[in-house]
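Just follow the structure's listing: the first ligand is 1, and inside any ligand the first atom is 1. The first residue in the sequence is number 1, and the count goes up from there. These numbers were taken from a predicted model, which means no experiment stands behind them.
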Amino acid sequence: MSLASNAERVEKGHEDAVVSAVPTHVAIIMDGNGRWAAERSLSRTDGHRAGTENIRRILKSFAAHGVRYLTLYAFSTENWERPMEEVNALIEILQEMICEETRQLHEEGVRLLHIGRLDRLPSGIQKGIEDAIDLTKGNAGITVALAYDYGGRSELTNAIRSIVADGVRSSQIDEQLIGKYLYTAGMPDPDLIIRTAGEMRISNFLLWQAAYAEYYSTDVYWPDFDETEVDKAIAAYGQRRRKYGRVDGRVEGRADSIDG
Ligand code: IPE
Ligand code: IPE
Ligand code: MG
């Protein structure tokens, strides 16, 4: 199946196309690989492999809904504190994913990005990521940002250091400027943040960018988060009323709702 956008599906007359409010940017905390494996008496590495394989099927599903940006939290700055064998396995899986998937994703028009630190990864992987970003940079399909060695606090610390190093005057610092110094510069803020495996916490993910994101948490473990679960999350988003701190979502003096 090609990664047809929702708009294309509507054009082609697919009646099942979702035409209600679709989030432009979905970000996912892909959690629960370990518990998924434990329930099956498998190793945690098996769980991580199953979780990685799941990325392919849900990517198609989000693209078909018309989502334009998908950010995937795959490894946090705190995940280095896991046992060495698990960290090594996660890095190996990342390497395999870059080698095996990049060409296919490129053919499907996917644009790849990375958010987080690159400098602590093995140099071969750094190069693999940079090459994948370069190869796909002109693609017009869904943008997939892999959050690997990503932490919101580390991102903000890094941004402040760069702002100081650039000699920016305090009077020039505003929210827009800070946004330009984040890993996500050029990307819209997430509209919907999904967390699998039931936890109700943010775990250092997109701390700045999530200011007005809608949250969706499900008990389903990440490897089991299939197309039906994608449909449910998108449908739940469609029922939300975003207000941005305003009364009933209306801007003072404007009769129309900001969500149209
Ligand atoms: C998410 O699954 C993957 C990473 C954080 C790398 P977990 O490994 O955290 O799975 P649980 O939370 O132990 O079930
Ligand atoms: C969040 O999951 C990070 C990723 C999914 C990569 P964790 O499993 O690391 O988060 P905590 O430890 O439950 O907060
Ligand atoms: Mg976890």
Checklist outcome for this item: Nearest non-hydrogen protein atom to atom 1 (C) of ligand 1, with distance, is Met30 O, 3.1 Å
Checklist entry - Taking the N/O/S atoms of Asp31 one by one, which is nearest to the Mg ion (ligand 3)? => result OD1
Checklist entry - What is the minimum heavy-atom distance between Val220 and Phe225, and which atoms define it? => result CG1-N, 3.8 Å
Next on the checklist: For Tyr244 and Tyr212, take the angle between the two ring planes, folded into 0 to 90°, and tell me which bin it lands in: parallel under 30, tilted 30 to 60, perpendicular over 60.
Outcome noted: tilted
Checklist entry - For ligand 2, which atoms have a heavy atom of Phe75 less than 4.0 angstrom away? => result 6 (C)
Checklist outcome for this item: atom 10 (O) of ligand 1 sits nearest the protein heavy atom Gly34 N, 3.0 Å
Checklist outcome for this item: In this structure, atom 7 (P) of ligand 1 is nearest to the protein heavy atom Asp31 OD1, 3.5 Å
Next on the checklist: So for Glu199, does at least one of its heavy atoms come nearer than 4.0 angstrom to any atom of ligand 1?
Outcome noted: no
Checklist entry - What protein heavy atom sits nearest atom 9 (O) of ligand 2, and how far away is it? => result Asn79 ND2, 3.0 Å
Checklist entry - Is any N or O atom of Arg35, backbone or side chain, closer than 3.5 Å to an N or O atom of ligand 1? => result yes
Item to check | Trace of the side-chain contact (heavy atoms from CB on, under 4.5 Å) decision for Asp149 with Thr77 | outcome: CA-CA 5 Å; Asp149 200 5; Thr77 47; 3.5 Å; yes
Checklist entry - How about Gln126 and Glu130: does a side-chain donor come under 3.5 Å of a side-chain acceptor? => result no
Checklist entry - Closer than 4.0 angstrom: is that true for some heavy atom of Gly32 and an atom of ligand 1? => result yes
Checklist entry - Any chance the side chains of Trp36 and Asp224 put a donor and an acceptor closer than 3.5 Å? => result yes
Checklist entry - Closest non-hydrogen protein atom to atom 12 (O) of ligand 2, residue and atom name please, with distance? => result Arg201 NH2, 4.5 Å
Next on the checklist: For ligand 2, which is the ligand I care about here, please tell me if Ser203 has any N or O atom under 3.5 Å from one of the ligand's N or O atoms.
Outcome noted: yes
Checklist entry - In terms of ring plane angle, is the pair Tyr73 and Phe205 parallel, tilted or perpendicular, where the classes change at 30° and 60°? => result parallel
Checklist entry - Does any N or O in the side chain of Arg111 come within less than 3.5 Å of the main-chain N or O of Val144, such that one atom is a donor and the other an acceptor? => result no
Next on the checklist: Among Asp189, Thr143, Thr71, Thr184, which residue satisfies the side-chain hydrogen bond (donor to acceptor under 3.5 Å, both in side chains) criterion with His25?
Outcome noted: Thr71
Item to check | Donor-acceptor pair between Asp46 and Ser43 side chains, under 3.5 angstrom | outcome: yes
Checklist outcome for this item: A student checking ligand 2 against Arg82 at a 4.0 Å heavy-atom cut-off should list atoms 7 (P), 8 (O), 9 (O)
Next on the checklist: Does the residue Ala74 have a heavy-atom contact with ligand 1, meaning some pair of atoms that are separated by less than 4.0 Å?
Outcome noted: yes
